[in-house]
Amino acid sequence: MDPYESVSISGQVDGHLNIMETKPKGSASLAAIVSAFVPTWFTGLIFVAIFIVVRRWYPNIYAPRTFMGTIPEKDRTPSPSRSYFNWVRTMYKVPDKFILHHQSLDAYLYLRFLRTTIFICFVGCCITWPILMPVNATGGGSSTELDKIGIGNIKKKDRFYAHAIIAWVYFGFVLFTVARERLWLIGLRQAWTLSRPVANRLSSRTVLFLCAPRDALEESNIHRFFGDGALRIWPATKAEALESLVSSRKSKVEQLEAAEMSLIRRAYREGRKHATKVHSQDGRINYNVLPDAVKKSIRPKHKPNISPLDGKVDSIEWLREKIKEEEEKIEDARRAYEVGDTNGSAAIFVEFKTCAEAQRACQQVASSNLLALNPRYTGVSPQEIIWNNLTIPPARRISAEGTALATVIATIVFWSIPSSIIGVVSNIGYLADNFEWLSFLKNLPDPVIGLLSGLMPPLATSWLSKMVPNIFRYIFKSSGSPTNTAAELKVQRWFYVFQVTQVFLVTAVFSGAAAVVPELMKRVKDPTSVPELLARQLPKASNFYLTYFIIQGTTSAADNLLNYSDLLEYLFYDYFFDKTPRQKFSRYTSMKGIAWGKLFPKFANFAIIAIAYACIAPLVLGFAAIGLSLYYFSYRYNLLFVIKPKIDTKGQAYTLALQHLLTGVYIAELSLLGLFSLRKATGPSVIIAVLFIVTVLYNVLTNKYLAPLEQFLPADLTALSEREGESEPLLSSAEEGRAQATSHIQHLGQQAHIPQSIAQHVLYPIARFFEPQVFASYQAMRSWLQDGESYDNEEDIPEYTEEQLRKAYLNPALTSPTPLIWIARDPMGVSKNEVSENKQYGLKASDQGAWLDEKGRLRWSVQDFGDVPIWKQEVTY
């Protein structure tokens with residue numbers, strides 16, 4: 001039984017094609033949904049139960065933000081205890097705004113994006129369900145089960161006026177919500193960027209210029225190229241040989257630590273054996289008491305060369321000598337390092353006096369040379385720089401970007417093959433009817449058919465799509481993106497294209513129409529027939545996305561909480577591979593990151609699918625809202641307790657995601673236009689055609705007027721922030737909020753003498769939503785930022801030492817010292833001996849903060865990072 005083949009494309013009504021009326025071969029939609037819901041809900045409950053139990057055992061995996069020493073104490077999530085359900089109370093009491101102040105702007109905006117999409121879907125249910133579901137159910141068609149409340153059950157074309165009018169109402173609401181959120185984000189970014197803690201960061205006052213000419217790299221030309229506001233420059237030129245030496249030195253230090261720990265463990269085992277023989281009272285013995293032959297036999301050895309003629313050498317002594325040799329080579333290379341002739345393949349970081357000066361410099365034309373000092377980036381943190389990509393010549397950078405673009409497009413196009421196969425396989429009825437060797441599928445039990453058609457395709461689609469962001473990220477980083485943030489934003493743009501084309505459109509077309517591949521190829525040659533193609537296929541694929549949302553919202557959201565892959569990886573490496581204190585420390589403190597370029601497109605596509613089906617199959621909106629709500633809960637937990645974002649787009653990812661939502665409106669309008677045209681419903685067709693034109697005009701105008709404000713800070717606000725920085729603000733945050741422009745809606749409420757309680761709980765939220773020009777202004781968002789949080793205080797403003805400023809944007813290969821050799825203290829005193837010998841070689845070493853316990857197991861100072869010699873408090877640039 002085929003759950004998607006509910007519409008025939010060959011029926012005729014009044015002499016023309018009817019895609020609605022013909023009786024389906026058998027709607028198995030309800031069976032498919034139940035078949036998908038039961039196992040996924042059961043799996044989700046199991047995942048959550050396991051999570052609740054193991055969460056207490058591994059706090060470094062499930063709650064590192066509550067205690068981890070790498071997180072400043074003021075930024076830790078409050079958590080009084082580690083009881084089974086204390087985290088629920090924390091989730092309830094701590095607001096999303098806490099994430100904004102104590103994590104990052106992007107983390108807060110990601111949760112807001114999920115809330116916005118849930119809100120759009122929920123309002124869509126309130127608008128479409130009471131009207132379109134009864135209209136569809138009584139439409140006179142022959143559909144059954146859930147298909148009865150879809151547009152495919154409409155026989156009387158006059159009823160399409162309801163769909164056209166609801167499309168105006170709902171899509172108008174979506175367009176307003178997107179514009180409102182973009183205005184709100186502009187106000188927030190302005191207030192956030194110009195707040196003292198952010199504006200005084202070094203990265204906020206620094207601009208990265210690529211393709212810098214040779215003269216711009218000279219300190220004496222700083223004001224000529226960058227104006228009087230420039231304070232300091234950090235040139236970046238090629239240093240590949242030096243980078244290779246520094247990397248090799250680091251690798252050898254890690255090998256030396258592993259060899260030292262191997263010696264310490266072997267000595268400890270031999271010491272216990274020797275203590276047993278001599279009947280030591282405490283079972284211990286000093287390392288120096290061991291026979292020389294034993295000491296020699298337990299020292300690690302290896303062959304430095306592949307040649308069989310070479311004998312083994314003492315690994316520890318050999319590595320010490322090699323490290324010292326590379327130290328000398330590194331120092332020689334640093335002394336010989338000079339800028340030289342760059343041929344435009346250099347970059348330069350320029351520090352300005354204020355954030356406002358940096359913004360002005362980023363917008364001005366700094367050179368008459370066409371390619372010089374472009375592109376440019378503000379807010380770049382030293383940790384996110386891809387140093388090898390800074391020194392690419394302009395011509396090579398342009399060609400590499402073109403190659404990357406072509407590769408990504410080819411990946412998206414050819415990904416249609418496996419995606420289409422999934423769609424075809426999901427159509428069990430078509431396969432059984434048209435391929436004799438698959439006729440046995442007809443004899444399978446209904447639950448099995450339900451699983452094959454309802455559960456397996458969404459799982460396979462989800463698994464395939466997970467691979468794509470990593471491929472795109474590798475392509476963009478290899479093609480010259482100067483920072484991880486720049487690469488991530490490119491991933492977001494193109495993964496969105498992939499999500500819409502492959503996860504939505506291609507799968508939708510093929511899951512409901514395995515027999516129309518030749519017709520699809522014909523439509524590609526005639527783009528004007530795209531609305532008709534969407535009209536034919538989208539209604540038949542709605543059941544696929546009902547099950548898709550179920551699987552994503554239950555199993556995947558629960559998997560986000562359990563996070564079993566990270567737990568298993570930690571246990572595996574901790575028990576079998578991490579043998580040195582450095583490896584243990586790095587594994588324990590390595591907090592999970594988050595890939596904005598992967599997540600924003602995924603959930604934007606959720607909303608796009610829901611919006612596209614709003615008037616075709618309104619039930620999809622409800623399933624999407626539930627799935628997104630479960631995801632919101634799981635990501636809220638992770639951002640409060642687990643995740644430490646490593647990429648900060650300063651809100652750009654949210655801006656892109658909001659713009660991507662409009663794709664759902666366009667697809668919905670084209671689909672409705674095709675449906676109404678095929679049914680010769682002239683009136684509804686005209687209404688939707690006008691709506692489509694209005695949507696295009698809206699999109700063009702909003703981008704024209706909002707894009708500059710989303711990219712740059714206005715000069716009047718930067719000047720205002722400079723004046724306020726020189727003196728104390730005249731108003732408190734509460735007074736500042738009251739000094740804003742008056743809300744028109746609130747003013748009407750006051751004139752109507754509406755009671756204060758009703759005005760506060762009804763009128764105020766309505767005014768906040770419908771009057772962003774008042775409640776999302778710079779002054780309003782600045783007041784909102786300061787409300788209820790000790791933000792913008794003196795202690796939040798970063799301060800830097802002269803040494804930190806000097807090294808901030810220099811290539812680490814030019815400044816990084818030889819890493820300290822960290823080994824574990826042992827009862828026999830081997831570590832003290834090795835530390836002493838390393839110091840004799842001129843190598844810094846320590847056995848502080850790590851030790852072997854009585855059973856010879858490696859331990860380190862988990863509770864007090866102050867004892868860890870390799871740990872330093874991270875500087876916020």
Side-chain angles (χ1 to χ4, degrees), residues 96-97 99-116 177-201 203-207 354-363 376-381 384 483 485-486 488-489 492 596 600 645 647-661 702-722 724-725 733 736-737 740 768 772-787 789 791-792 796 876:
D96 286 359
K97 196 174 176 182
I99 293 172
L100 172 64
H101 289 301
H102 300 283
Q103 259 216 57
S104 73
L105 179 62
D106 279 337
Y108 172 78
L109 291 176
Y110 176 62
L111 290 182
R112 185 176 180 93
F113 178 68
L114 291 178
R115 291 204 313 271
T116 301
T177 302
V178 170
R180 190 245 178 223
E181 281 299 298
R182 290 178 69 178
L183 285 168
W184 180 89
L185 178 58
I186 287 170
L188 176 63
R189 288 185 70 223
Q190 291 170 352
W192 175 264
T193 305
L194 294 175
S195 63
R196 290 188 299 168
V198 177
N200 284 281
R201 290 177 185 172
S203 61
S204 298
R205 297 181 282 112
T206 302
V207 180
T354 63
C355 175
E357 293 278 4
Q359 287 288 324
R360 282 192 284 270
C362 193
Q363 298 175 47
R376 53 193 65 175
Y377 303 87
T378 56
V380 176
S381 173
E384 64 175 304
T483 66
T485 298
E488 198 67 18
L489 288 172
Q492 181 181 353
W596 305 125
F600 273 107
I647 292 175
D648 187 8
T649 71
K650 312 292 190 301
Q652 293 181 69
Y654 187 40
T655 301
L656 279 175
L658 289 172
Q659 295 177 32
H660 292 165
L661 292 182
T702 52
N703 284 339
K704 177 182 178 181
Y705 292 110
L706 297 184
L709 293 172
E710 291 168 336
Q711 188 174 3
F712 302 111
L713 289 176
D716 58 341
L717 291 185
T718 55
L720 176 65
S721 70
E722 284 182 329
E724 289 180 346
S733 63
E736 189 175 271
Q740 301 171 94
R768 285 189 65 87
Q773 75 278 8
V774 175
F775 293 95
S777 66
Y778 165 73
Q779 294 292 350
M781 297 312 297
R782 180 179 172 184
S783 174
W784 178 79
L785 274 178
Q786 298 174 358
D787 183 30
E789 279 281 348
Y791 192 70
D792 212 5
D796 293 320
T876 302

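No experiment lies behind these values; they were computed from the predicted model shown. Count residues from 1 along the sequence.
For Asp648, there are no side chain to side chain donor-acceptor pair (under 3.5 Å) partners, not counting sequence neighbours.
When Ile99, Leu658, Leu188, Thr116 are each tested for a side-chain contact (heavy atoms from CB on, under 4.5 Å) with Leu109, only one passes: Leu188.
At least one donor-acceptor pair under 3.5 Å links the side chain of Glu384 to the backbone N or O of Ser381. Under a 3.5 Å cut-off, the side chain of His101 and the backbone N or O of Leu785 do form a donor-acceptor pair. In this structure a side-chain-to-backbone donor-acceptor pair under 3.5 Å is present from Trp596 to Ile647. Within the 3.5 Å criterion, the main-chain N or O of Cys355 finds no donor-acceptor partner in the side chain of Ser204. Panel note: side chain Gln652, backbone Leu489; no donor-acceptor pair is recorded below 3.5 Å.
Taking 4.5 Å as the limit, every side-chain heavy atom of Phe600 sits out of range of all side-chain heavy atoms of Leu656. Two residues are said to be in side-chain contact when any heavy atoms from C-beta on lie closer than 4.5 Å; Trp192 and Leu100 meet this criterion. Residues Asp96 and Arg115 have side chains in contact (heavy-atom distance under 4.5 Å, counting atoms from C-beta outward). In this structure, the side chains of Gln190 and Leu709 come closer than 4.5 Å at one or more pairs of heavy atoms. No side-chain heavy atom of Leu706 sits under 4.5 Å from any side-chain heavy atom of Thr655.
For the residue pair Pro772 and Leu183, the shortest heavy atom distance occurs at CG-CD1, 3.9 Å.
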* To do: Under the side chain to side chain contact (heavy atoms under 4.5 Å, CB included) rule, what do Gln103 and Tyr108 come out as? Steps first, then yes or no, please.
  => CA-CA 8 Å; Gln103 259 216 57; Tyr108 172 78; over 6 Å; no
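Between the CG atom in Leu185 and the NZ atom in Lys650 there is a gap of 13.5 Å [rounded to 0.5 Å]. Note that CZ of Arg182 and OH of Tyr705 are 13.5 Å apart. Values are rounded to the nearest 0.5 Å. Note that CH2 of Trp184 is 6.5 Å distant from OH of Tyr654, once rounded to the nearest 0.5 Å. Taking CZ from Arg189 and CD from Gln711, the interatomic distance works out to 9.0 Å, rounded to the nearest 0.5 Å.
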